[in-house]
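Structure record follows, encoded as structure tokens.
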Amino acid sequence: MKKILVACGAGIATSTVALSKLKDILKERGLINQVQFGQTTVAEIPNMASDYDLIVTTTNFSRNVGIPIVNGLSFIINMGIDKTVDEIVDKLELKKTS
């Protein structure tokens, strides 16, 4: 089971939108059963990163925390969402099961 941490400035508004859209698309793609999710503020990322396989942020975060970070702004502006999800799926090596 892969773990994704979704973060935004306050840990509430845009991360909730991004998380909801990401879950919906992973469900459509038949991949939702391979992932668990967490939600936080960008300030908490360094303290939580070691418990996750990938981070999705809706704001700029460039600090190296030892795991991949994907810019999730596309979930907020509704442009490029499929490309972002493809990047997440690729980095986590998720495979559709029959």
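Position 1 is the first residue of the sequence, and the numbers go up from there. These figures come from a predicted structure and were not determined experimentally.
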Side chains of [X] and [Y]: does their closest heavy-atom pair fall under 4.5 Å?
X	Y	answer
R63	P46	yes
Q36	K3	yes
F37	L26	yes
I67	D53	no
I32	K23	yes
V56	F75	yes

In one Ile/Leu/Val/Met/Phe/Trp/Tyr side-chain cluster, 4.5 Å: [X], [Y]:
X	Y	answer
L94	V85	yes
L19	V89	yes
V6	V17	no

Working to the nearest 0.5 angstrom, can you tell me the gap between [X] [atom1] and [Y] [atom2]?
X	Y	atom1	atom2	result
Q34	K96	CD	NZ	11.0 Å
T57	L73	OG1	CG	8.5 Å
S62	N71	OG	CG	11.5 Å
I88	L22	CD1	CG	4.5 Å

Would you name the heavy atoms of [X] and [Y] that are closest together and state the gap between them?
X	Y	value
I12	Q39	O-NE2, 3.5 Å
T58	C8	OG1-CB, 3.0 Å
V35	M1	N-SD, 3.3 Å
A18	I76	N-CD1, 4.3 Å

Atom CG of N33: over 12 foreign heavy atoms under 6.0 Å
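Count over threshold, so yes.
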Would D86 and R29 pass as an ion pair if we require N to O under 4.0 Å?
yes
Within the distance-only criterion (no hydrogens, no angle test), does the side chain of T41 pair as donor or acceptor with the backbone N or O of E44 below 3.5 angstrom?
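At least one qualifying donor-acceptor pair exists.
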Going by side chain to side chain contact (heavy atoms under 4.5 Å, CB included), I55 matches just one of T40, I45, I4. Which one?
I45
Result of checking K2, K91, E87 against L54 for side chain to side chain contact (heavy atoms under 4.5 Å, CB included):
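Filter result, single survivor: K91.
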For the residue pair N78 / K21, report whether a side-chain donor-acceptor contact shorter than 3.5 Å exists.
yes
